[in-house]
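Take a look at the structure set out below.
Just the heavy atoms: all of them, side chains too, but no hydrogens, waters or symmetry mates, feed the values below. If you read the sequence from its start, that first residue is 1, and numbering goes on from there.
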Amino acid sequence: MKLLPLAAVLLAALPAFARKPKPTENLVQYAHPIVGTQKMGHTFPGATVPFGMVQLSPDTDTLSYEQNGKYNPDVYKYCAGYQYDDKTIVGFSHTHFSGTGHSDLGDFLVMPTTGPLQLNPGTADKPQSGYRSAYSHQNEVAEPAYYRVKLDDHNILAELTATNRVGFHQYTFPKADDAHIILDLMAGIYNYPDKNVWTFVRVENDSLVTGYRQTNGWGRTRTVYFAMQFSKPFREYGSRNYSKKEVYRGFWGRFNQTKNFPDLAGQQLRLYFDFKTAANEKIKLKFALSPVSTAGALQNLRTEAPGWDFDQIKRQGQQQWQQELSKVVIQAAKREDKDNFYTAMYHAFLSPTTYMDADGQYKGLDQNVHRADGFTNYTTFSLWDTYRALHPLFNLLQPKRNADMVQSMLAHYSQSVEHMLPVWSHYANENWCMIGYHSVPVIADAIVKGNVTFDANKALDACVTTARQQWYDGIGLYLQLGYVPEDKSGSSVSKTLEYAYDDWCIAQAAQKLGRQDIYQEFSKRAGNWQNVYDARIGFMRPKLSDGTFRKEFDVLSTNNQGFIEGNAWNYSLYVPQDPAALIKLMGGNQRFVPHLDSLFTMNLPDKFFAETEDITRDGIIGNYVHGNEPAHHAAYLYNWTNQPYKTQERVRMILKRMYHPTPDGLGGNDDCGQMSAWYIFSALGFYPVAPGSNEYALGSPAVNGATLHLENGKTFTINVKNQSDKNVYVKEARLNGQKLTRPFLAHQDIINGGELTFVMAARP
């Protein structure tokens, strides 16, 4: 894997407001999209811009979601379409999730080939049976907004870049009379034979193709429109329809639709476009997406990429990344620290993704066309993950975008026939993945921190309505009993704990807005976490509808114990809204501190997570599962005890063990940026334990210093004295010269601008 230096022209091309008196270093060179593409990270290495609608990236296999009518567990490796260990590339598709544990997308796969035409992708064990190609990491480059690879079997150099809504391909061909570019409209991530509902294609002329496809997968009514333009007219074109035999197809059978026929429709289509190429001839391809129409896709193409200068588009994309990465400029002793930090910044700024045309139109949850008035509409809300640190990071570094994301959630709510805020939504679909109602902490965090460009009272009303939906996932029983009973609703302890936290968030927003009735109601609900604590064993435990705790119980197992993607050891610490009360209930410092210590030092045998695909050995330290989210705040809980120094040593240990600037450098799914947001906060020295609060818990900074360039024009400087791998303990912390007497920092202290100084030492 080559990491090539980028042109210094990036710096000169920055807009005036992003230039500082002292020129900012080229930070793009430290962000490596290849990190997390091996093992469990589930990131993609391809080209995209910050929060871009297009993620143009290679896919390395075509495994089906189902095998013999059942879930095929091997498909889990391909949540992002790409696995570093694979030896072949199938093609380059335009939509990808970053770091998820379930998937969809992989729309509109394009593959350039030479030689006899092959319309089947072939298989990994017999690559020459199809159009896929072998490749080598030695001939692969992955940078922000740029990807390059040599397709060995076809002797083609493939280069990719992107704007927000347009994927830009550049293929350098050998001399060939039989060069092809294949458009596979059957390919997809988490694919299966009937996933395509319908596909429509129009060949408008000898260099322009438009169409759409509708899929039924994680998003059950997802329609994506496209416009594809070639830099060179194709000589001829054709298609093959792999659809099941149709009972009735009208009178279209009178035409030969396989060769040079411009009007195509069916469930399973592949197209090819033929060229004759000279040696080293470049054929370029612009591929624009739209959630609304082919006309919208064409307008997006003409607005964002009117010309054919590939290098200019690449340059613009990397300038955008430089601008976003420059929001935090760090000082670090080692190159690896900068690589880790800016790779985390890169991954954190991939999603949520833009979901509207250049003119503001988008398709809503009601499947009607809407226009975003005064805000950017976003999608890809992996909220069970991202409410914890990613959205709090946006409230600090991307407040305008985060406020727009809240507006997008409120638009979703207004279009929802169930009257629900998003749970896990993408592409005008609610997929209902995971538990809780975690739009609530995102909205509450924005309200409490004063990042409000929306109607805050209407937003609170949407939170309250969502939290009162008794039909949804055990809420009726939760309201009736004060907990979710395991015999009526699975993962009951996790649901109870997460509902109680979300309820606390509603109470904080209500208090901020002076809504005392709501504050009282939800403050009471926020205490429900106590109802699933079993004092006899010192753990949260599933309770039955008759009020008794379930007898069969294993505190180490992640399977069928009342928790989702976690065990009792990790989840019993999940009371981020009131750690002090949790510590008191668990026996105070004398009992709680050794309990928390043992989380990091004990051994969790493989058998206890063998049936949970989202948890693997790579993401585990002792029994602490950093590769999954429910315990991400756990290392900071020492701050509520008499031994806060242990937060400092645990955080530095996690940073060092779970993050590396290598393909396998993430210890678990990046989960749309949550793992990366944890790194950014923790490396800077503080963390939002309870979003919905304006308080951060201090940790141990892993940088030598940092400057946060805030959207309000102010700067917040972090100075770190004597920081090293050994000096992980905070001897003293000062805010604007005043010594901090508690290991906490207020949000307002940061956004008002100022200076935080850490003095580090080798001993507590």
Practice item. Output the distance between atom CD (Q561) and atom CD (E486), rounded to the nearest 0.5 Å. Key: 8.5 Å
Check your understanding: Taking the side chain as C-beta and beyond, is there a heavy-atom pair between V328 and M345 under 4.5 Å?
Key -> yes
Exercise for review: Using only heavy-atom distances, determine whether the side chains of Q648 and S700 contain a donor-acceptor pair under 3.5 Å.
Suggested key: no
**Study point:** Aromatic plane relationship, W569 with H595 - under 30° parallel, 30 to 60° tilted, over 60° perpendicular
**Key:** parallel
Check your understanding: Heavy-atom count around K39 NZ within 6.0 Å, excluding the residue itself: above 12?
Key -> no
Review point. So, Y696 versus H747: side-chain donor-acceptor pair below 3.5 Å or not?
Key: yes
**Study point:** Residues that T453 engages under side-chain contact (heavy atoms from CB on, under 4.5 Å), provided they are two or more places apart
**Key:** A403, Q407
Exercise for review: Determine the interplanar angle of the H632 and H626 rings, folded into 0 to 90°, and report it as parallel if under 30°, tilted if 30 to 60°, perpendicular if over 60°.
Suggested key: parallel
Check your understanding: Between H102 and Y65, how do the two ring planes meet: parallel, tilted or perpendicular, split at 30° and 60°?
Key -> perpendicular
Review point. Is the distance between the ring centroids of W678 and H633 under 6.0 Å?
Key: no
Exercise for review: Kindly give the heavy-atom pair with the smallest separation between A467 and D503, and that separation in Å.
Suggested key: CB-OD1, 4.3 Å
Check your understanding: Just how far is it from atom OG of S557 to atom CZ of F609, taken to the nearest 0.5 Å?
Key -> 11.0 Å
Exercise for review: Can you sort out the partners of N395 under side-chain hydrogen bond (donor to acceptor under 3.5 Å, both in side chains), two or more places apart, ordered by chain and number?
Suggested key: N402, D445, N451
Review point. With under 30° as parallel and over 60° as perpendicular, where do the rings of Y71 and Y190 fit, or are they tilted in between?
Key: tilted
Check your understanding: So which pairs with a foot in residues 613-625 pass salt bridge (Lys or Arg N to Asp or Glu O under 4.0 Å), sequence neighbours left out?
Key -> D606-R617
Revision key, fill the gap. Shortest non-hydrogen pair, Y378 vs P352, comes out as CD2-O, 3.8 Å
Practice item. Pick out which of Y472, W424, W384, W218 makes a ring-ring contact (aromatic ring centres under 6.0 Å, His included) with W432. Key: Y472
Check your understanding: Any side-chain donor paired with an acceptor under 3.5 Å for N589 and T641?
Key -> no
Exercise for review: Scan residues 405-434 for pairs that pass salt bridge (Lys or Arg N to Asp or Glu O under 4.0 Å), counting only residues two or more places apart or in two chains.
Suggested key: none
Check your understanding: Between CG of L596 and CG of L637, what distance do you get to the nearest 0.5 Å?
Key -> 6.0 Å
For residues 510-519, which side-chain donor-acceptor pairs fall under 3.5 Å, sequence neighbours excluded?
{"from": "K512", "atom 1": "NZ", "to": "V448", "atom 2": "O", "distance (Å)": "3.4"}
{"from": "R515", "atom 1": "NH1", "to": "N457", "atom 2": "OD1", "distance (Å)": "2.8"}
{"from": "R515", "atom 1": "NH2", "to": "D461", "atom 2": "OD1", "distance (Å)": "2.7"}

Check your understanding: Partners of D473 by salt bridge (charged side-chain N to carboxylate O under 4.0 Å, His left out), sequence neighbours excluded?
Key -> K495
**Study point:** Q530-Y483 side chain donor-acceptor pair, cut-off 3.5 Å
**Key:** no
Point to revise | Residue pair S98 / F44, side-chain heavy-atom distance below 4.5 Å | key: yes
Check your understanding: Are S382 and D671 close enough that a side-chain donor and a side-chain acceptor fall under 3.5 Å?
Key -> no
Exercise for review: Report the relative orientation of the aromatic rings in Y478 and Y499; use parallel for angles under 30°, tilted for 30 to 60°, perpendicular for over 60°.
Suggested key: perpendicular
Review point. Is there a side-chain contact between L383 and H391, using heavy atoms and a 4.5 Å cut-off?
Key: yes
Review point. Can a donor-acceptor pair be found between the side chains of T380 and T353 at a distance below 3.5 Å?
Key: yes
Exercise for review: Evaluate the side-chain proximity of L684 to Y679: yes if any heavy-atom separation is below 4.5 Å, no if none is.
Suggested key: no
Check your understanding: With respect to N570, which candidate in L599, L604, I615 satisfies the side chain to side chain contact (heavy atoms under 4.5 Å, CB included) definition?
Key -> L599
Exercise for review: Would you please test K449 and E695 for salt bridge (Lys or Arg N to Asp or Glu O under 4.0 Å) and show each step?
Suggested key: CA-CA 10 Å; K449 290 173 178 170; E695 193 172 67; over 6 Å; no
Practice item. Classify the ring geometry between F394 and F349 as parallel (under 30°), tilted (30 to 60°) or perpendicular (over 60°). Key: tilted
Review point. Will you find, in the side chains of Y687 and N639, an N or O donor that is under 3.5 Å from an N or O acceptor?
Key: no
**Study point:** Listed partners of R657 passing side-chain hydrogen bond (donor to acceptor under 3.5 Å, both in side chains), at least two apart
**Key:** none
Review point. Which residue pairs pass the salt bridge (Lys or Arg N to Asp or Glu O under 4.0 Å) test with at least one member in residues 376-404, sequence neighbours excluded?
Key: E324-R401, K400-D404
Point to revise | Heavy-atom side-chain proximity of L745 to L698 below 4.5 angstrom | key: yes
Check your understanding: Does a donor on one side chain sit under 3.5 Å from an acceptor on the other, for N559 and E611?
Key -> yes
Check your understanding: With sequence neighbours left out, which residue pairs that include part of residues 532-548 fulfil the side-chain hydrogen bond (donor to acceptor under 3.5 Å, both in side chains) condition?
Key -> D487-S545, D534-R536, D534-R541, D546-T548
Practice item. Could you verify whether a donor N or O on one side chain and an acceptor N or O on the other, from H42 and D670, lie under 3.5 Å apart? Key: no
Practice item. With sequence neighbours excluded, tell me which residues meet side-chain hydrogen bond (donor to acceptor under 3.5 Å, both in side chains) with H347. Key: none
Check your understanding: Going by atom types alone, do S408 and Y355 pair a side-chain donor with an acceptor below 3.5 Å?
Key -> no
Point to revise | Partners passing side-chain hydrogen bond (donor to acceptor under 3.5 Å, both in side chains) against T343 (at least two apart in sequence or in another chain) | key: none
Practice item. Just jot down the side-chain contact (heavy atoms from CB on, under 4.5 Å) partners of A635, sequence neighbours excluded, or say none. Key: F600, R650, V651, I654
Exercise for review: Check the pair Y387 / Y501 against ring pair (Phe, Tyr, Trp, His ring centres under 6.0 Å), numbers first and verdict last.
Suggested key: CA-CA 12 Å; Y387 81 85; Y501 164 70; 5.6 Å; yes
